[in-house]
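Inspection log for the structure reproduced underneath, given as structure tokens.
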Amino acid sequence: MLKILIPTVMLVVTTWNVRAKWLWPATLTHSLLISMLSLTWFAHTSETGWKSLNSYMATDLISTPLLVLSCWLLPIMILASQNHLSQEPANRQRTYISLLISLQIFLILAFSSTEIVLFFLMFEATLIPTLMIITRWGSQAERLNAGTYFLFYTLAGSLPLLVSILYIQTCAGTTSLLILHYAPALPMTSFADKLLWAGCLLAFLVKMPLYGIHLWLPKAHVEAPIAGSMVLAAVLLKLGGYGMMRIMVILEPLTKELCYPFIILALWGVIMTGSICLRQTDLKSLIAYSSVGHMGLVAAAILIQTPWSFTGALILMIAHGLTSSALFCLANTNYERTHSRTMLLARGLQAIFPLMASWWFLASLANLALPPLPNLMGELMIVTSLFNWSWFTLLLTGAGTLITAGYSLYMFLMTQRGPLPVHILGLEPSHSREHLLLTLHLLPLLLLIMKPELIWGWAI
Amino acid sequence: MNPYVLAILLFGLGLGTTITFASSHLTTAWMGLEINTLAILPLMAQHHHPRAVEATTKYFLTQATAAAMLLFATTTNAWITGQWDIQQITHPLPMTMLPLALALKIGLAPLHAWLPEVLQGLDLTTGLILSTWQKLAPFALLLQIPPHNPNMLIILGLTSTLVGGWGGLNQTQLRKILAISSIAHLGWMILVLQFSPSLTLLTLILYFAMTFSTFVVFKINKSTNINSLATSWAKTPALTAIIPLVLLSLGGLPPLSGFMPKWLILQELVAQGLLPTATITAFSALFSLYFYLRLSYAMTLTISPNTPMGLTPWRLHTHQSTLPLAVCTMTTIALLPLTPLSITLFTP
């Protein structure tokens, strides 16, 4: 564990000490090396389920895929930010990269923590670098409002979580996951225990986000620069899912009755956000709302707590992380050329960017969950387990899948197909950096078709 | 100010607090508080500006009232119990009056109305002394008085945190914002006073570090309202980059050290079974966070190449020694991993 964490911390030192000419190559190479090292976490040979165990950190079958995804994300964030930061002075570039690396450190500590309090601390700690990235390096005036929404929605959910965690510590004597998962259940009989249940889960539901409390997400995703959108979509939303998976074990047996309104909200959110996507004019906003829809499925799956649903949720989290980040990168290639996110202004781009169009094609297919991609595996397992829980959900999930396919196709056709608008006189050709960026997103997704056991979580 | 007069006044300030710290007799403690009040009055009025004189007068009247109430509670206790020891106060009347008198002295809600107006009339250095040094002596007394009415302290604390949140939402003057943040932090300190006085002391010391950093940064920028913060990137770029962390630490965000007292206080409240209190207090911190966030937006997160908020000022040399600022800033940002050490340091 420290083999990865300490090099990541030292990467901040590297950022501030290399010459300005070598800043981007050096940080990219070193973060790629660290992410290669992180792949060793996939070797699961432990009998207890926990691996690389020390007093504060360990990896588990469900935290490993998310950890590897976080480590993988740092080099591609650095790759994606290179162009739009090239105009800034060197110290600002270093500050930006340090913010990305500090996010990485907090994420590694969050996903590998064995104490719930440490997880909470790191969960909250990711807010500050993300806030700085959104409000300082975003491009429109609305970014301040986006930062405020982001910070206060998440904090309003996580303050009851803090009180609930401290209450669990007072009652059970510990907040260590190693103990709590096997400890006798807390007596949960009064109304206050229902509030405890809600307090524990609200923070993660806001983070996922659940449909009714999702307003921060379109703002934050749209206003953030590309690295901010990538890390938000790929990993920070999954913090909510991971937290829910960890803490729901302690909250039995209240979940059987109390989960109903949240499952309904989540599934209704799939349909609603899908319909909103069909009416969007802003490309990043479309991808942001599609994130809400996919994570609604994940939220519903985690709330019903069956083996297939947990596995499906984890697969969908990883696959959606890669897909959504790829879509944001593609939208950013448009934005860097036209400085506009309006879909109408950049259409028919297949005529001038053919290879980029094939990446758009692959990413859109992944978004609509085409077999044999892992997106389908996750969605199918979730839909099946929800059907087993209640046949009625099939109406919602089926319609949701249909609408998802609809807006993914809409997005692809709007941006790539059709005639090139007459006002597009000249756009910069695609950089190899951009092709590399998308390959690094889509290649792991395709390779996961071969070995999905890596992201199955506890179902192995 | 004449350096000899300044020396006498600062010595008086130090003497007053030390007398209160070292006293076990209530009259000696009261004497120390009075010396503090009298010593700071000329410092507050030194600029002879009408606003400063008004602030001095308001400060004098409120502190004199509080001192009179304290003296009354002391003599009542001496009359009823026959002794003057601070830690042996047993009768309910002085046990209720003393915390209220001290609450008026430090500016806890609902006895807080004087603090924003007084701080607004002062220059930043005297304001710093008022916010930090003048709180030490009353807290020395508060920490020693055995608590009688648990509900009173909790109501004082809750009201203060809520006033500290709502009061600052409409402010643009920095000194009023700092006064209101002082009320909020004092509320947190009072909440846990009866359960764990060492946590109160820890919160107080950390609050000193955070407030010191903020006041000194405002002094370096010579700014007294939010608009004038917008040019600090031209004066001190490195400090401008660090200030959002200091302000968010004041707001209590992890992983900064401002989260430490809030976390430990919430833990103590939950352990005592006061979960609704803990939740309301935690939410009140969100209100304060809003105006700290607004300050960090104005100062750092809107600098160029975005549209600049003001004209670039002259970069004149400031005669501010920065070593204390560096120490306090690092304490404000990086102390959270040392939480166990901090708890041990303050536990008797």
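Model, not experiment: these values are computed from the prediction. Chain naming here is simple, since letters A, B, ... match the order of the sequence lines and numbering starts at 1 in each.
Within the model, atoms OG1 of A:T148 and OH of B:Y297 stand 3.0 Å from one another, a figure rounded to the nearest 0.5 Å. Rounded to the nearest 0.5 angstrom, B:T279 OG1 and A:L162 CG are separated by 9.5 Å. The CG atom of A:L159 sits 5.0 Å away from atom CG of B:L286, with the distance rounded to the nearest 0.5 Å. Here B:F259 contributes atom CZ and A:F120 contributes atom CZ; the two are 5.0 Å apart, rounded to the nearest 0.5 Å.
Between chain A and the residues B:G273, B:P237, B:A282, the largest count of heavy-atom pairs under 4.5 Å involves B:A282.
A pairwise comparison of heavy atoms in B:P255 and A:I128 identifies CD-CD1, 4.2 Å as the closest pair. Taking both residues in full, the closest heavy atoms of B:L245 and A:M132 are given as CD2-CE, 4.3 Å, listed atom of the first, atom of the second, then distance.
Residues from residues 93-117 of chain A that place a non-hydrogen atom less than 4.5 Å from a non-hydrogen atom of chain B comprise A:F106, A:V117, given in numerical order. Residues of residues 166-177 of chain A that come closer than 4.5 Å to chain B, counting heavy atoms only, are A:L166, A:Y167, A:Q169, A:T170, ordered by residue number.
At least one side-chain heavy atom of B:L289 sits less than 4.5 Å from a side-chain heavy atom of A:L151. Between B:F283 and A:P160 the shortest side-chain heavy-atom distance falls below 4.5 Å. When side chains are defined from C-beta on, A:L155 counts as touching B:L253, because their heavy atoms get closer than 4.5 Å.
In this structure, chain A has no heavy atom under 4.5 Å from any part of B:S296. When heavy atoms are compared at a cutoff of 4.5 Å, A:A141 does not approach chain B at all. Interface residue B:L266: backbone and side-chain heavy atoms are both found under 4.5 Å from chain A.
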Would you sort out whether A:L131 and B:L293 count as a side-chain contact (heavy atoms from CB on, under 4.5 Å), showing the intermediate values? CA-CA 10 Å; A:L131 176 75; B:L293 189 66; 3.6 Å; yes

Is there a side-chain contact (heavy atoms from CB on, under 4.5 Å) between A:L121 and B:L336 once you walk through the steps? CA-CA 10 Å; A:L121 276 179; B:L336 192 65; 4.1 Å; yes

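In the displayed structure, A:N54 atom CG is contacted under 6.0 Å by more than 12 heavy atoms of other residues, nucleotides or ligands.
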